[in-house]
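Contents: one structure, followed by commentary.
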Amino acid sequence: MPQGGYELTIVVPAFNERDNIGPLVEKLDLALQGVRWQAIYVDDNSPDGTSEAVKSLAQHDPRISCLRRVGRRGLAGAILEGAMASAAPYVAVIDADLQHDETLLRPMLDALRQGRADLVIASRYVGTGGADTGFNALRAAGSRFATRLARLVLKSDVTDPVSGFFMLRRPVIDQAAPLLSTQGFKLLFDLISAMAGKLTILELPYTFRERQAGVSKLDSRVVIDYLGLILSRASSNLVSPRLLLFGLVGASGVALHLAVLQVLPHSITFLPAQFIAALAAMTSNFFINNAVTYRDRRKRGLGLITGYVQFCALCSVGFMANLAVANQLEQWLGGRFVAGGVGAVFGAVWNYVTTALAVW
Ligand code: GDD
Ligand code: MN
């Protein structure tokens, strides 16, 4: 064990990155000669044997360790847990797939040591940085859009607030940790937003490399999560990302309900038609919520059926509560529009709270 403990903890989130483990450790070793560093891999129980690969290295290199999480998935949560295990004064985060330029770690560390920053971000969009080699055109455009959106919300001039490559003083992340969302991909964005204005941030340029082995885990759900996080932070945390998703799914249910009413033949009278439309909307809402809003605790098998029945029962009560509240308000205040609106919001909140507690 090096004397005096480690100066730098490098958190490496890894999902199905078996073939990239050895090469990255070699590169870190070369890039950080003379620095007391450790690497904590955080693996979400990858089926490809990522944690075995890390642990076999760890057997003869005490600087390497592996936190294997079971029953959990998600980049932001993985990074956070890795960082929480650090006792070093400085913590870095780098992708496992060799897309980040590890030679930047030393200048990042120097900046922190000299007190020039609390947080150093490796940026693809400052100075000589770039992302063209590592991204296809669509990803590049998407990344630029995500970046612009984040800057708008953060009211900050950070050029790459969604970077997955950064280093900070450990007290910063220790302090921010309880405020951060463990869902989604963008821990850095969330961190800057949580510490609004309290951090000195420095950006250093690097070029995002092409992935050699394995595949990217950034999919459409990650994008949905990200938009949820941004909107939630834009509302000063008034709405949680989950509530927001639930609301969007609810809105899609209302649209489906109206569409079903529209296409049902006129031979069906209003009440049964309304019932069919409501059932269609509840069914679609349940399955979308299960797959997107609550995918981290998704129901499967028998649980899917009981969950569906519970969901429909609770939403039916919610609908009746909506009618009762609206009716009462209409009698008190007279305004139909306000009464209807408050009733609908009441029903929606009921649905959200009760299904969150009972179903998921
Ligand atoms: N433990 C764990 N759990 N690790 C994960 C998970 C997860 O659920 N999802 C992804 N990772 C790991 C990957 O194994 C990789 O080491 C790193 O996180 C980044 O994932 P990629 O799937 O390679 O992301 P990317 O290259 O498409 O996206 C990069 O650019 C984004 C900006 O556009 C990353 O650097 C992102 O962090 C960055 O935000
Ligand atoms: Mn990658």
Side-chain angles (χ1 to χ4, degrees), residues 13 15 44 69 71-81 84 146 149-150 152-154 161-162 176-194 196 217-257 281-300 303-304 306-319 321-322 344-360:
F15 190 76
D44 286 356
R69 306 198 304 166
R72 303 212 275 297
R73 257 308 294 277
L75 182 53
I79 294 173
L80 198 59
E81 287 190 34
M84 293 301 94
L149 206 62
L152 216 64
V153 172
L154 288 175
V162 296
L179 307 171
L180 303 180
S181 162
T182 54
Q183 251 192 317
F185 238 56
K186 308 300 179 188
L187 188 89
L188 181 63
F189 164 80
D190 208 15
L191 185 88
I192 300 174
S193 134
K217 282 92 206 169
L218 195 145
D219 57 11
S220 53
R221 290 200 197 140
V222 167
V223 175
I224 295 177
D225 262 345
Y226 176 57
L227 293 177
L229 182 65
I230 293 229
L231 288 172
S232 160
R233 298 303 183 244
S235 73
S236 308
N237 297 334
L238 209 64
V239 288
S240 71
R242 229 195 266 280
L243 176 58
L244 210 103
L245 282 177
F246 194 86
L248 288 177
V249 174
S252 80
V254 171
L256 180 68
H257 185 115
M282 282 192 293
T283 305
S284 138
N285 284 2
F286 173 75
F287 286 100
I288 302 180
N289 276 321
N290 193 52
V292 179
T293 317
Y294 289 103
R295 75 166 180 285
D296 53 326
R297 42 184 103 150
R298 194 180 321 166
K299 301 265 161 219
R300 292 169 210 272
L304 196 64
T306 52
Y308 171 63
V309 173
Q310 280 177 316
F311 184 84
C312 290
L314 289 169
C315 291
S316 305
V317 176
F319 182 64
N322 167 353
V345 169
F346 186 86
V349 171
W350 164 277
N351 289 350
Y352 177 69
V353 173
T354 58
T355 61
L357 290 176
V359 182
W360 286 286

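This one's a predicted model, so the numbers in the text were calculated from it and none came from an experiment.
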Hey, does the Lys NZ or Arg CZ of Lys186 hover above the aromatic six-ring of Tyr226, less than 6.0 Å from the centre and inside 45° of the axis?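 Yes, a cation-pi geometry holds between Lys186 and Tyr226.
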Candidate list Phe246, Phe311, Tyr294, test ring pair (Phe, Tyr, Trp, His ring centres under 6.0 Å), partner Phe286, passing option: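 Answer to the ring pair (Phe, Tyr, Trp, His ring centres under 6.0 Å) test with Phe286 among Phe246, Phe311, Tyr294: Phe311.
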Under the side chain to side chain contact (heavy atoms under 4.5 Å, CB included) rule, collect the residues that match up with [X], sequence neighbours excluded.
| X | answer |
| --- | --- |
| Val353 | Val349, Leu357 |
| Leu154 | Ser156, Pro161, Phe189, Ile192, Ser193 |
| Ala194 | Leu179, Leu180 |
| Ala291 | none |

To the nearest 0.5 Å, what is the distance between [atom1] on [X] and [atom2] on [Y]?
| X | Y | atom1 | atom2 | answer |
| --- | --- | --- | --- | --- |
| Leu248 | Leu231 | CG | CG | 8.0 Å |
| Arg73 | Lys217 | CZ | NZ | 8.0 Å |
| Cys312 | Asn285 | SG | CG | 9.5 Å |

Can you sort out the partners of Asn289 under side-chain hydrogen bond (donor to acceptor under 3.5 Å, both in side chains), two or more places apart, ordered by chain and number?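 Thr293.
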Pick out which of Leu75, Ile79, Thr182, Leu229 makes a side chain to side chain contact (heavy atoms under 4.5 Å, CB included) with Leu187.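 Testing each of Leu75, Ile79, Thr182, Leu229 against Leu187, the sole residue satisfying side chain to side chain contact (heavy atoms under 4.5 Å, CB included) is Ile79.
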Set of salt bridge (Lys or Arg N to Asp or Glu O under 4.0 Å) partners for Arg69, sequence neighbours left out: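 Asp44, Glu81.
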Should Tyr308 and Met282 be marked as a side-chain contact (heavy atoms from CB on, under 4.5 Å) after you check the CA-CA gap, both sets of side-chain angles, and the distance that decides it? CA-CA 9 Å; Tyr308 171 63; Met282 282 192 293; 5.7 Å; no
Shortest non-hydrogen contact between Ala176 and Leu191, atoms and distance: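 That would be CB-CD1, 3.7 Å.
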Smallest separation among heavy atoms of Ser181 and Asp190, with atom names: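 Result for this residue pair: N-OD2, 2.7 Å.
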Determine which pairs satisfy side-chain hydrogen bond (donor to acceptor under 3.5 Å, both in side chains) with at least one residue from residues 348-360, sequence neighbours left out, and list them in order.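 Matches after skipping sequence neighbours: Asn290-Trp360.
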By the side-chain hydrogen bond (donor to acceptor under 3.5 Å, both in side chains) test, which pairs, at least two apart or in different chains, include something from residues 240-257?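 side-chain hydrogen bond (donor to acceptor under 3.5 Å, both in side chains) check on residues 240-257 returns Arg242-Asp296, His257-Gln274.
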